[in-house]
Amino acid sequence: MNAILKTINLSKHYGSQWAVHQLNMTVEKGEIYGFLGRNGAGKTTTIRMMLGLITPTEGQIEIFESNLKNNKKNILNRIGAIVEFSGFYPNLNAVENMEINARLMGIKKKQAIQEALEIVGLASEQTKLVGKYSLGMKQRLGIARAIVHHPELLILDEPTNGLDPIGIKEMRRLIKSLAEERDITILISSHILSEIEHLANRVGIIHQGVLLEEINMEKLKDANKRYLQVQVSNISKAVRLLETEFSISNYQVLDDEKLRIYDLGQSPAEINRMLVTNSVKVTELAMKQDNLEDYFVQLTGGGQIG
Ligand SMILES: Nc1ncnc2c1ncn2[C@@H]1O[C@H](COP(=O)(O)OP(=O)(O)OP(=O)(O)O)[C@@H](O)[C@H]1O
Ligand SMILES: [Mg+2]
């Protein structure tokens, strides 16, 4: 484990509420970390603290193994970010917008700007006024601006907000290629699990300012994989038969009638036939899958997301 970013009891108080409370999260070098939470959960507040835009009420942030408070300039030079609506000048074109920003960051090489525009696929649209850009193009320009100085860590606050399904897919591909081909560690926030399901290696779920869970994506998917739910008259006999007849070992007994089979080597029909042949009455047999989105909704207390 090689943490590139770490928060220690990070908290932010606004008025009478904790927008973020005692947050301990860790982003490992090289991973894509999905920072997931419903509207108002505290994602942007956390990210703003990570970028030194607001001061934590309590707690610490360590990035590249040093304290943000004491090494702000150094650390921020090695980070790229998009935070909510970061404005561009609509009456300037993409290159001009990038140049203003690059100058602020002390980047002199025009080549760096060209390279960044090429990576995000805007090279051919670089002389178009940004005011005439679509939302998806503006988001991509935001990424170009965030990567122009070759950051090691990229922090993206809901970069797919407002994009259509194709735009979301393109953004996902771009983010993935930045992680894989350029070796950039990425923290990406979202309020939609399915959006980062195919992208993140790990997710942290924040709810009402509290980090509920930090979990490996594979583990999360494993916990929500397909299973066959069976209701039978004699559960202990059914279990014994499944083990001896079909060598099924990955199952879970729910109560004295129901069990879930995660080993799906046998078809439901075969299982049904075998149990019935051995005088076990089957009253329910259904293939099920806990949806990841359902899991997220359940974890964060139900209701509509978004
Ligand atoms: N400047 C502020 N002053 C007072 N309260 C604030 C401020 N910024 C955020 N909050 C409150 O802090 C909580 C967390 O807000 P935050 O913007 O971090 O959520 P979020 O997870 O980014 O939500 P969204 O998905 O809608 O972007 C909310 O209750 C919000 O009203
Ligand atoms: Mg936000």
Side-chain angles (χ1 to χ4, degrees), residues 5-27 32-61 63 68-69 76 79-88 135-136 138-143 145-146 153-165 167-168 171-172 175 186-197 199-200 202-215 217 220 292-306:
L5 183 154
K6 211 170 155 183
T7 70
I8 302 134
N9 296 329
L10 186 66
S11 305
K12 180 73 187 178
H13 200 260
Y14 279 128
S16 60
Q17 72 167 133
W18 290 102
V20 173
H21 198 225
Q22 303 269 314
L23 194 88
N24 291 295
M25 69 185 267
T26 313
V27 178
I32 301 181
Y33 184 101
F35 190 31
L36 198 62
R38 300 164 66 149
N39 291 137
K43 303 179 294 293
T44 301
T45 305
T46 304
I47 286 174
R48 287 183 161 276
M49 288 192 277
M50 288 169 176
L51 297 171
L53 297 170
I54 52 172
T55 316
T57 311
E58 284 170 17
Q60 303 295 324
I61 300 169
I63 306 180
L68 180 64
K69 210 165 45 189
L76 294 181
I79 299 182
I82 312 188
V83 194
E84 282 183 354
F85 302 96
S86 35
F88 287 107
L135 181 61
K138 277 188 206 145
Q139 300 281 60
R140 278 189 279 152
L141 186 57
I143 301 251
R145 185 167 66 178
L153 172 65
L154 200 52
I155 297 181
L156 307 174
D157 191 17
E158 309 229 29
T160 53
N161 243 358
L163 299 186
D164 65 16
I168 291 174
M171 183 59 80
R172 201 184 291 151
I175 291 169
I186 298 175
L187 167 69
I188 172 174
S189 81
S190 177
H191 61 278
I192 304 167
L193 176 57
S194 58
E195 232 172 54
I196 53 169
E197 187 183 333
L199 194 59
R202 225 148 51 88
V203 288
I205 299 174
I206 184 174
H207 185 56
Q208 296 178 345
V210 176
L211 195 70
L212 295 181
E213 195 165 33
E214 208 170 47
I215 186 169
M217 195 44 120
L220 187 61
L292 277 187
E293 203 70 40
D294 289 345
Y295 174 79
F296 176 46
V297 171
Q298 178 203 326
L299 199 66
T300 56
Q304 261 326 97
I305 305 177

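In this text, all values refer to a predicted model and were calculated from it rather than measured experimentally. One-based numbering, in listed order, for ligands and for the atoms of each.
Note that R202 lies outside the cation-pi zone of F35, set by a 6.0 Å cut-off to the ring centre and a 45° limit from the axis.
None of I168, I188, N161 except one satisfies the side chain to side chain contact (heavy atoms under 4.5 Å, CB included) rule with E195; the exception is I168.
Listed by atom number, the atoms of ligand 1 under 4.0 Å from T44 heavy atoms are 17 (O), 18 (O), 20 (P), 22 (O), 27 (O). Below 4.0 Å from some heavy atom of Q17 lie the following atoms of ligand 1, by number and element: 29 (O).
Residue contacts with ligand 1: R38 is included, with a non-hydrogen atom under 4.0 Å away. Within the 4.0 Å heavy-atom cutoff, G37 does not count among the residues contacting ligand 1. Residue G40 places a heavy atom under 4.0 Å from ligand 1.
Within a 4.0 Å radius of atom 13 (C) of ligand 1, the protein contributes at least one heavy atom.
Scanning the protein for heavy atoms near atom 26 (O) of ligand 1, the closest one is N39 ND2, 3.1 Å. Of the protein's heavy atoms, E84 OE2, 3.3 Å lies nearest to atom 27 (O) of ligand 1. Summary of contacts: the protein heavy atom closest to atom 25 (O) of ligand 1 is K43 NZ, 2.8 Å. Among all protein heavy atoms, the one lying closest to atom 8 (N) of ligand 1 is Y14 CE1, 3.4 Å.
With distances taken over non-hydrogen atoms, the option nearest atom 18 (O) of ligand 1 out of T45, V20, T46 is T45.
Counting only distance, with no hydrogens or angles, the side chain of K43 and the backbone of R38 share a donor-acceptor pair below 3.5 Å. Side-chain atoms of D157 do not come within 3.5 Å of backbone N or O of I82 as any donor-acceptor pair. A donor-acceptor contact shorter than 3.5 Å is absent between the side chain of S11 and the backbone of T57.
Between M49 and P56, the closest heavy-atom pair is SD-CA, 3.5 Å. Considering every non-hydrogen atom in both M217 and L193, the closest pair reads CE-CD1, 4.4 Å. Counting all heavy atoms, side chain and backbone alike, L220 lies closest to V203 at CD2-CG2, 3.9 Å.
Judged purely by distance below 3.5 Å, without hydrogens or angles, the side chains of S190 and E158 never pair a donor atom with an acceptor atom.
In summary, T44 places an N/O/S atom under 2.8 Å from the Mg ion (ligand 2), meeting the contact criterion.
Checking only distances, A41 does come within under 3.5 Å of ligand 1, N or O to N or O.
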